[in-house]
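Worksheet: one structure, shown below.
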Amino acid sequence: MKVIIVGGVAGGASAAARLRRLDESAQIIMLERSGYVSYANCGLPYYIGGTIKEQRSLTLQTPASFAARFNVEARVQHGVLAIDRESKTVTVRDLTNGQEYTENYDKLILAPGARPVVPPLPGVDSSKIYTLRTVEDTLRLREAVLNKQIKSVAVVGAGFVGVEMAENLQELGLEVSLIQREEHILPPLDKDMASFLHAHMCAQGVKLLLNQNVTAFAETAAGIDVLLQDQPAVSVDMVVLAVGVAPETDLARAAGLQLGVKGSIMVNEHMQTSDADIYAVGDAVSVTNSVSGEKALIALAGPANKQGRIAAENIAGLDSCYQGSPATAVLKVFKMTAAFTGLNERAARAAGLDYEKIILAPASHASYYPGGNLMTIKLLFARDSQKIIGAQIVGFDGVDKRLDVLATAMQAGLTVLALKDIDLAYAPPYSSAKDPVNMAGFIAENVVTGKVRQFFYEDLVALPQDGSITMLDARTPAEYAQGHAEGFDINIPVDELRGRLHELNKSKPVYVMCRTGLRSYIACRQLMQAGFECYNFAGGYLYYASVHDEFFDSGCTTECGRKA
């Protein structure tokens with residue numbers, strides 16, 4: 001059996017290695033148009049920033065090592081021009097000398113990946129504008145930064161690559177402007193959760209320009225201007241374009257393969273295309289979002305590697321199925337971490353799901369052990385089945401651990417109530433006896449059983465200001481004096497509440513806030529058992545302050561993250 005693999009990065013390399021482990025007799029040829037195979041896409045920004053010191057660290061395998069270990073012929077700088085499905089051949093061009101030839105195949109795996117989107121804007125072809133996809137792109141970018149006296153850069157687009165590039169370039173000492181068309185960075189997050197990252201990036205010196213449309217680029221004697229629709233131009237030495245990726249499907253389209261979402265390659269659960277002898281994996285294919293059940297593009301390394309393995313197993317005669325992906329991801333943002341899985345609120349609404357949410361701010365480990373930090377967790381679950389449909393966490397240490405537990409629980413089909421019973425490892429340096437995941441389960445149980453009623457940031461604007469409700473802050477007077485939410489003019493510390501219930505009017509609903517949501521919950525339990533109607537603010541004052549004091553227009557002010 002002869003297998004041709006088009007593309008030699010995550011999905012293609014994974015398929016090649018797995019197929020060899022299953023079939024020693026197969027002839028495997030991997031064709032990669034760049035000069036490198038099996039390289040770490042996700043590590044490219046960190047090489048530019050200097051965190052990864054050695055270029056060789058970016059490549060997990062080379063053509064020589066693939067041949068030695070797996071007996072796979074990896075041909076770099078070889079681009080596939082066309083697929084002839086009838087004759088079962090591909091036309092290949094050797095990019096080093098321009099010569100073309102054909103290769104026959106018994107099975108073909110397409111792993112072409114995705115290409116950076118380059119919008120058709122005036123001036124976008126400037127030599128001072130860079131994109132990042134391959135090792136070659138990385139080397140060009142790093143050389144430009146280090147050898148061309150670059151002092152300032154505009155990163156256009158604030159997805160994964162844009163945020164990572166902004167961080168790494170800032171840590172090189174450059175002046176970085178991060179320009180985003182949407183109202184927040186990292187679209188998989190909801191805006192409220194992204195607000196924590198906005199303030200943190202601002203504090204690190206990144207200038208955020210949100211809700212901004214780039215209209216053109218114009219080279220100047222000193223550098224390049226990024227022209228914006230509603231703001232003055234941003235003048236910098238260079239631009240990194242990171243506005244998104246599009247599936248690389250020209251070959252599949254020309255070959256007449258069935259296409260799906262945004263022109264991606266349609267595959268079944270075996271990673272098989274509409275041609276039974278052609279498989280496709282990675283960023284170029286549409287797969288099932290395992291939460292919504294809808295077809296989606298999920299350009300992540302983990303799914304690509306799994307898909308490559310599954311394609312190889314089916315070619316080798318096994319019956320292996322891809323179960324879909326909830327799009328679980330984690331991202332370093334300077335000293336913070338952002339992680340998410342499943343659906344955010346916007347996606348849940350678009351899917352027509354009836355969901356409930358909880359927001360909590362637990363510590364990363366036991367409060368009495370030094371060095372703990374708060375994280376903010378937002379968890380969505382179906383109102384009827386109580387199945388978890390999405391989670392987002394922002395914070396410092398311990399974020400990835402909790403997100404992975406929640407992703408596992410979600411994929412296992414556990415209800416949100418089951419989180420309270422998960423037995424997790426505990427020692428003071430690592431966690432609390434009630435882990436943040438357990439705490440999420442406790443809170444969800446209280447909500448589902450009616451032991452607490454919640455209100456959210458978006459509900460504040462509709463709260464009556466005519467005195468018909470009581471807005472209570474349950475923190476200490478010292479905390480209250482440092483800042484409180486608008487309208488929360490009554491301050492009774494939770495530890496004094498039992499003795500001061502007479503100060504509150506039992507005929508008025510009470511809306512309670514504290515620092516993280518714990519003391520206000522305790523206050524609500526006291527008030528409800530005393531005959532009051534009570535609502536607890538989800539997330540607490542720290543969450544409120546992050547969302548309320550967000551900046552949306554012209555980037556950082558002197559007082560970082562607060563409105564000018």
Side-chain angles (χ1 to χ4, degrees), residues 1 3-24 26 28 30 70 72 85 105-114 247-249 252 255 257-329 341-343 347 351 353 382 385 387-390 404-414:
M1 179 173 59
V3 179
I4 301 291
I5 301 174
V6 181
V9 192
S14 178
R18 180 60 172 167
L19 183 57
R20 175 57 73 220
R21 291 194 294 271
L22 295 174
D23 187 348
E24 268 293 313
I28 306 172
M30 187 163 60
F70 298 109
V72 169
R85 293 167 54 192
Y105 65 84
D106 295 307
K107 301 293 181 181
L108 178 66
I109 300 176
L110 300 179
E248 189 77 79
T249 56
L257 298 178
Q258 184 178 354
L259 302 180
V261 179
K262 296 182 180 179
S264 58
I265 305 171
M266 285 287 288
V267 293
N268 61 20
E269 67 273 18
H270 303 298
M271 306 311 300
Q272 196 172 36
T273 69
S274 53
D275 185 316
D277 292 319
I278 301 178
Y279 294 75
V281 302
D283 297 353
V285 307
S286 53
V287 296
T288 301
N289 182 298
S290 57
V291 180
S292 68
E294 299 174 351
K295 291 295 182 181
L297 280 169
I298 299 175
L300 295 169
N305 277 278
K306 295 180 183 71
Q307 292 160 19
R309 179 184 177 93
I310 287 169
E313 290 175 345
N314 283 288
I315 288 173
L318 304 179
D319 183 17
S320 186
C321 295
Y322 186 64
Q323 303 297 325
S325 170
T328 303
T341 188
L343 306 183
L353 300 180
S385 68
K387 292 289 183 67
I388 303 165
I389 62 173
D404 281 343
V405 173
L406 293 173
T408 302
M410 181 175 70
Q411 290 179 250
L414 299 183

Looking at every heavy atom in both [X] and [Y], which two are closest together, and how far apart are they?
X      : Y      : answer
Thr328 : Ala407 : OG1-CB, 3.8 Å
Ile109 : Ala15  : CD1-CB, 3.9 Å
Ala16  : Ile28  : O-CD1, 3.9 Å
Ser264 : Ser286 : OG-CB, 3.0 Å
Pro326 : Val291 : CB-CG2, 4.0 Å
Asn289 : Ala296 : CB-CB, 4.4 Å

Inset, instruction - Say whether Ser274 and Gln258, considering side chains only, have a donor N or O and an acceptor N or O under 3.5 Å apart. - result: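 No pair is found: no donor N or O on one side chain lies under 3.5 Å from an acceptor on the other.
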Between [Y] and [X], is there a side-chain heavy-atom distance shorter than 4.5 Å?
X      : Y      : value
Ile5   : Leu19  : no
Ile278 : Tyr105 : yes
Met271 : Asn314 : no
Cys321 : His270 : yes
Pro247 : Ile265 : no

For the backbone of [Y] and the side chain of [X], can you confirm whether one donor and one acceptor N or O come within less than 3.5 Å of each other?
X      : Y      : value
Arg20  : Ala26  : yes
Asn305 : Ala301 : yes
Ser325 : Ala327 : yes
Thr249 : Gly263 : yes
Asp106 : Val3   : no

So, taking the atom named [atom1] in [X] and the one named [atom2] in [Y], what distance separates them when rounded to the nearest 0.5 Å?
X      : Y      : atom1 : atom2 : answer
Lys306 : Tyr322 : NZ    : OH    : 6.5 Å
Leu406 : Thr341 : CG    : OG1   : 8.5 Å
Arg18  : Ile315 : CZ    : CD1   : 12.5 Å
Ile298 : Gln307 : CD1   : CD    : 8.5 Å

Inset, instruction - Quickly, which of Thr273, Leu257, Leu108, Asp277 forms a side chain to side chain contact (heavy atoms under 4.5 Å, CB included) with Arg85? Name it, please. - result: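 The passing option is Leu257.
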Legend entry - Thr288: which of Gln323, Glu269, Lys295 passes side-chain hydrogen bond (donor to acceptor under 3.5 Å, both in side chains):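 One option only clears the test, and that one is Lys295.
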